[in-house]
Amino acid sequence: MANPITQVALHERTLLVDWVDGRRSHYHYLWLRDNAPDAIDTHNGQRLIESVAIPPAICPQTVTLHADGQLEVVWAVNGSRSLFAPDWLRAHDYSQPETISTANQPLLWDATLGAHLPSADYPAVVDDRQILRDWLQAVHDYGFALLRQVPVASAALLKVVALFGYVRETNYGPYFDVKSVVSPNNLAYTGLGLSPHTDNPYRDPAPTLQLLHCLQDAAAGGDSIVVDGFAVAARLRQQAPEHFALLTRTPVTFRFRDQTTDLMAVTPLIALDSQGLIKAIRYNNRSLAPLALPPEQIEPFYAAYRALGELIASAEFQVVFKLHPGDLFIVDNERVLHGRTAFSNTGNRHLQGCYADRDGLLSTLRVLGGCSD
Ligand code: NM2
Ligand code: OGA
Ligand code: ZN
């Protein structure tokens with residue numbers, strides 16, 4: 001027991017707890033009843049009781065601090081007993097602001113990340129769980145990481161996904177070939193440059209991770225570009241708050257259609273969480289449907305969109321690098337935009353791509369002991 005409880009006092013709705021180091025904490029009886037060990041299945045950690053059925057004014061008959069440090073609550077309502085471990089109470093002390101879960105601030109980056117791109121080698125992440133953990137941690141922290149020495153073989157990227165989670169299959173298949181073809185259903189399947197974008201903004205929900213694996217590079221061109229959309233959005237918020245606010249509150253439509261598909265999603269370009277922190281970016285110039293906004297909103301929207309687009313296009317934020325056969329990168333598709341420079345159709349540049357879900361990656365990261373909110 002790192003920090004024993006020295007004394008407790010019963011208030012009307014809360015239990016006041018004093019700790020040996022001088023900290024003072026408050027726990028609502030309602031909360032204690034809801035989270036008591038006897039309310040939770042010991043094997044799977046899931047709650048056995050119905051929280052909403054707890055009487056709102058529930059209170060203890062007695063609270064006893066035992067010699068071994070455990071806190072025993074006998075409930076007035078039916079005389080049942082709950083035993084709380086002090087370490088558990090301390091770890092869940094919501095009266096300390098730092099314990100209240102707020103999303104960790106992401107590590108924002110700009111073009112200078114290019115000098116030290118987060119990366120690992122495939123054989124090492126396969127062999128060593130700590131190296132895998134560090135690589136996944138980089139995906140969490142930067143929304144981007146490179147992996148080198150991936151076998152130059154079709155579908156090898158699926159083995160990378162299997163290291164942390166599951167493929168998110170889409171209309172493009174479990175994985176797809178990115179190469180220049182005749183009559184492509186998507187401009188990605190040409191030699192054209194692709195300005196930085198997030199993929200599949202026309203899906204709801206959009207895939208949260210994307211992997212791109214190089215099987216063959218172009219003799220010239222076809223360089224990769226990545227941009228931290230959170231860094232760009234944070235800059236926009238700072239330098240043009242009105243533009244930023246407009247992009248968070250104006251729903252726009254993204255759409256993709258081919259012979260067998262008609263996908264559509266309506267959402268603002270920048271999504272905020274309940275605390276106003278930047279949560280997700282969708283940005284894909286090729287797939288934005290004609291704006292259908294009240295007339296007076298058209299020009300303000302384009303002004304804000306232009307301000308965001310100028311930051312995305314600026315050298316200050318773009319990291320440019322070239323993928324060679326065996327190189328793969330992964331991006332958080334709700335944060336980091338990716339693109340490429342144009343390349344000649346006469347070569348045989350060939351990447352394979354697929355989507356996956358971020359929650360599965362973060363789950364693996366936590367299991368491996370990494371830090372993730
Ligand atoms: N591809 C590569 O989301 C997009 O439309 C970008 C996606 C065709 C699966 C390209
Ligand atoms: C894509 C894409 C980039 C590239 O397929 O989604 O953006 O380098 N490709 O070809
Ligand atoms: Zn793309």
Side-chain angles (χ1 to χ4, degrees), residues 117 143-144 146-147 150 154-155 157-158 161 167-229 252-265 267 269 280-289 312-313 318-345 347-356:
L117 289 177
F144 168 84
L146 269 172
L147 195 62
V150 179
S154 186
L157 81 174
L158 300 182
V161 175
V167 162
R168 165 97 183 266
E169 195 167 339
T170 67
N171 55 302
Y172 300 106
Y175 66 95
F176 42 85
D177 292 294
V178 181
K179 54 185 182 187
S180 187
V181 298
V182 181
S183 312
N185 68 345
N186 195 299
L187 290 173
Y189 302 151
T190 68
L192 293 175
L194 301 175
S195 57
H197 59 279
T198 60
D199 263 39
N200 289 211
Y202 38 77
R203 297 196 71 102
D204 189 10
T208 45
L209 292 174
Q210 178 174 15
L211 291 82
L212 278 171
H213 175 215
C214 179
L215 296 175
Q216 191 164 339
D217 53 4
D223 291 356
S224 300
I225 306 161
V226 287
V227 174
D228 184 356
V252 295
T253 302
F254 289 99
R255 190 159 190 184
F256 174 83
R257 281 196 268 192
D258 67 11
Q259 303 248 300
T260 55
T261 310
D262 188 351
L263 284 161
M264 208 162 119
T267 166
L269 297 185
I281 310 288
R282 266 180 216 235
Y283 188 88
N284 189 318
N285 179 65
R286 302 182 300 281
S287 305
L288 190 63
I312 290 169
Q318 293 203 349
V319 174
V320 184
F321 57 98
K322 183 156 182 158
L323 290 177
H324 298 290
D327 293 344
L328 170 152
F329 73 76
I330 180 169
V331 280
D332 179 330
N333 190 48
E334 288 190 320
R335 169 177 174 187
V336 172
L337 291 71
H338 66 282
R340 69 161 184 242
T341 63
F343 62 92
S344 156
N345 285 340
N348 283 310
R349 182 182 190 268
H350 184 191
L351 307 189
Q352 284 184 329
C354 74
Y355 303 111

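Note that the numbering runs from 1 along the sequence shown for the chain. Hydrogens, waters and symmetry mates are skipped; everything else that's a heavy atom, side chains included, is used. Order of appearance sets the numbers: ligands from 1, and atoms from 1 within every ligand.
Shortest contact from atom 5 (O) of ligand 2 to any protein heavy atom: V178 CG2, 3.4 Å. The nearest protein atom to atom 6 (O) of ligand 2, hydrogens excluded, is given as D199 OD2, 3.0 Å; this is a heavy-atom distance. Nearest non-hydrogen protein atom to atom 8 (O) of ligand 2 is R349 NH2, 2.7 Å. The nearest heavy-atom contact from the protein to atom 5 (O) of ligand 1 is Y202 OH, 2.6 Å. For atom 3 (C) of ligand 2, the closest non-hydrogen atom of the protein is L212 CD1, 3.9 Å. Atom 2 (C) of ligand 1 has its closest protein heavy atom at F176 CE1, 3.5 Å.
In this structure the side chain of L146 reaches within 4.5 angstrom of the side chain of L323, judged on heavy atoms. The closest side-chain heavy-atom distance from Y175 to H213 is not below 4.5 Å.
Checked by distance only, ligand 1 and H197 stay at 3.5 Å or farther apart across all their nitrogen or oxygen atoms. The N/O atoms of Y355, backbone and side chain alike, include none that comes under 3.5 Å of an N/O atom in ligand 2.
Summarising the geometry, atom OG1 belonging to T198 is positioned 8.5 Å from atom CD1 belonging to I281; distances are rounded to the nearest 0.5 Å. Atom OH of Y189 is separated from atom OH of Y172 by 6.5 Å, given to the nearest 0.5 angstrom. Note that CG of L194 and CG of N285 are 10.5 Å apart. Values are rounded to the nearest 0.5 Å.
Close contacts between ligand 1 and R286 involve ligand atoms 6 (C) [criterion: under 4.0 Å to a heavy atom]. Residue H197 has at least one heavy-atom neighbour below 4.0 Å for each of these atoms of ligand 2: 6 (O), 7 (O). Which parts of ligand 2 touch Q210 is read off a 4.0 Å heavy-atom cut-off, strictly below it: atoms 1 (C), 6 (O). Near N200, meaning under 4.0 Å from any of its heavy atoms, are these atoms of ligand 1: 3 (O), 4 (C). Those atoms of ligand 1 that come under 4.0 Å of a heavy atom in Y189, given as number and element, are 1 (N), 2 (C), 8 (C), 9 (C). Heavy-atom contacts of A188 reach the following atoms of ligand 1: 2 (C), 10 (C) (cutoff under 4.0 Å).
Heavy-atom minimum distance, L158 versus C354: CD2-SG, 4.5 Å. For A220 against F343, the heavy-atom pair with the smallest separation is O-CB, 3.8 Å. Shortest non-hydrogen contact noted between L209 and D332 is CD2-CA, 4.0 Å. The two atoms that bring G353 and L212 nearest to each other are CA-CD2, 3.8 Å, heavy atoms only. The nearest pair of heavy atoms linking A356 to L211 is CB-CD1, 4.5 Å.
Between the side chains of N186 and R286, no donor-acceptor pair is found at a separation under 3.5 Å. Side-chain contact check for N333 and Y355: no donor-acceptor pair (N or O, by modelled atom type) lies under 3.5 Å. For the residue pair N345 / S180, a side-chain donor-acceptor distance below 3.5 Å is found, with atom types taken as modelled.
Judged by distance alone, with hydrogens and angles left aside, the side-chain atoms of Q352 form a donor-acceptor pair with the main-chain N or O of A155 at under 3.5 Å.
Each of K322, H324, R349, H350 was compared with D217 under the side-chain hydrogen bond (donor to acceptor under 3.5 Å, both in side chains) criterion, and only H324 meets it.
Contacts with ligand 2 closer than 4.0 Å are made by side-chain heavy atoms of L351 only, the backbone lying farther away. In F254, neither the side chain nor the backbone holds a heavy atom less than 4.0 Å from any atom of ligand 1. Contacts between D199 and ligand 1 below 4.0 angstrom, taking non-hydrogen atoms only, involve backbone and side chain alike.
Not a single heavy atom of F256 sits under 4.0 Å from any atom of ligand 1. Judged by the shortest distance from any of its heavy atoms, Y175 lies outside the 4.0 Å radius around the atoms of ligand 1.
Here 3 is the count of protein N, O or S atoms positioned under 2.8 Å from the Zn ion (ligand 3), waters not counted.
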